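Structure, as structure tokens:
Indexing begins at 1, ligand by ligand and atom by atom, following the structure's order. Predicted model, so just to flag it, every value in this text is computed and none were measured.
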Amino acid sequence: MSTFKELGLNLNIVKALTDLGYENPTEIQLQAIPQVLTSKQDLKAFAQTGTGKTAAFSLPILEQIDTNSNDTQAIILSPTRELALQIANNITEFSKYTNGVKTAAVYGGTNIDEQIRKLKRGVQIVVGTPGRTVDLINRKQLKLSNIKWLVLDEADEMLNMGFKDELDQILAVTPKEKQTLLFSATFPQEVESIAKNYMYKPVELSAGQKNKGSDQVSHQYYVVSERNRYAALKRIADVNPDIYSIIFCRTRRETQEIADKLIKDGYNADALHGDLSQAQRDSVMEKFRKKHLQILVATDVAARGLDVNDLTHVINHKLPDQIESYTHRSGRTGRAGKEGISIAIVTAREKNKLHPIERIIGKKFVNTPIPTGKEICQNQLFKLIDKVHDIEINETEIKDFLPSIYEKLEGLNREELIKRFVSIEFNTFLTYYENAPDLNDSEHMKGIDSRGKRRNDENMTRFFINIGRKDKLNPSRLIGLINDQKIGQNIEIGQIEILDTFSFFELDKNYESNTISAFEQNDVTFDGRKVNVEITTKQRTGRGGRSNGNRKRTRDNKPKNDFGGFGRKRSDNKSAFGGGNKSPKRRKR
Ligand code: AMP
């Protein structure tokens, strides 16, 4: 295998890489570095996050940058602020021993003046998010007319996030004579058309097969009824005492809800999503990076900037709407040569979403039974035994207490002693999971008739919508409006109730968060009025007298005697374990 030096990088760069612990180039670096150093041809690279792609495009640019000129020579576009900062930080580290290299990250959500001041001082490499880059170009503070390199990093994600117009605007002000380097983990049609329109005969490189996931990742799925989704999530965490995981959710609301529940149930978890302030997001990411948090519940976008290599699990609380996002999610584990597990929690109905993903990742999902209470107890017990085995004993401090301890425990033999010590921590799990039900979804299958239709309204969620008769809404227009949101195929619509200024409708509850996010994201209007859809707890009225009353609250408030929740607030919990609390609480690591 070639070294970084043999790839053509100068000694100052190689020294910086050695400081960072980069011993050998990764596959994408082996391919891209010599290519960009020796050719001006455009480059299209298939590379997942975690493959070392940042260095793959940054190092050859750094090698060729003209430090005598203050012109902006390279623009690197990335989808999020976090990623832009990460790339700029990496470049600063790579150029630690190279004099005169100036790099700046420009991104939204923060004061533009400071960024303008930095640009005015002359910056050769600018890393920017598309929106802020356009803003700076329009203000004539960022000049791209002399650039030699344009990098589109995570191109698929930029397009997913709706930055097509910004990319068009930026590309329009760059010179014809430049080298464009496009990196993407997936190549849907939109990315291909960017490549077609803006690149000239690009060389194609691939670190792994197109669109394929990492070989180090195994993919599992658990089938549950919607009711047990959260309980299954907790069992996955409980059966893996050393879990270090991102749980992906589709919406900010779902993310916060799941994080809140986990925190309440004593897990070492927190939420990461776009409704948090930048300072809150930074703080959560820092805690997670330092492993002060074991579980991060995140939206796809918010998790993009997080650079962690040793996640044990990626959990899809719900599968993403865009199947390409699954590759991004699962690519967060199995990095840097380590093995990882990507788990999808699905209902029987959602199972068919796995096949298209399998085609993309080139691997089969393994149907995995939800851990039983016994398995969880066993794993927790072994973890405890390992801890006892490995604990360091402070001989000097404990010495003075030992005689009276021996005296007190006199009469207990070795076996009894072991059992008692272990039980101190373990009883909580044993009690909690005693008679724990099987969460695997056999019930669900029984609840589906031969045509795959739901038999009763227990499976429906009731939504409030802020338009009604006065807006000329009628059932068929409402059904049309729901269908226009492309929430999913053949979703069952239940009762519709049109009132004067607002209405209610019911939909398959598996599509609860899909529905909310679709209406939110599509920015729906009806005859000029902004449409707002919310889950309601209001009871059904009228026809048939069936009451699905307070459905949402009933679900949420259901006594957690089905082991669906640890069920006690932190404040009830006098000590992390034991203390007579029947709910197992997880210690912070
Ligand atoms: P990236 O795909 O650029 O996000 O890189 C993923 C992770 O791999 C980052 O933490 C990098 O610091 C690390 N990395 C990149 N290249 C190498 C290398 N050649 N040797 C060791 N670690 C690397």
[X]: numbered ligand 1 atoms lying under 4.0 Å from its heavy atoms:
X: F4; value: 19 (N)
X: N24; value: 18 (C), 19 (N), 20 (N)
X: T26; value: 16 (N), 17 (C), 18 (C), 19 (N)
X: G52; value: 1 (P), 2 (O), 3 (O), 5 (O), 15 (C), 16 (N)

Polar contacts were defined as any N/O atom of the residue lying under 3.5 Å from an N/O atom of the ligand; does this apply to Q29 and ligand 1?
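The answer is yes, given that Q29 and ligand 1 share an N or O pair closer than 3.5 Å.
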Are any of the N or O atoms of T54 closer than 3.5 Å to those of ligand 1?
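T54 vs ligand 1: N/O contact under 3.5 Å present.
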Look at ligand 1 and say whether L17 reaches it with a heavy atom at a distance under 4.0 Å.
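False for this residue.
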Go through the structure and list residues passing ring pair (Phe, Tyr, Trp, His ring centres under 6.0 Å) with F4, not counting sequence neighbours.
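With neighbours one apart ignored, the set is empty.
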How about N99: does its CG atom have over 12 heavy atoms from other parts shown lying under 6.0 Å from it?
no
On a heavy-atom basis, which atom in K164 and which in D168 lie closest, and how many Å separate them?
NZ-OD2, 2.8 Å
Could you work out, with salt bridge (charged side-chain N to carboxylate O under 4.0 Å, His left out) as the rule, every residue matching D260, not counting sequence neighbours?
none
Would you mind checking if E192 and K44 are paired as a salt bridge, meaning a charged N to carboxylate O distance below 4.0 Å?
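Salt bridge between K44 and E192, a charged N being under 4.0 Å from a carboxylate O: yes.
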Using the side chain to side chain contact (heavy atoms under 4.5 Å, CB included) rule, pick out the option among L17, N12, D19 that qualifies with K96.
D19
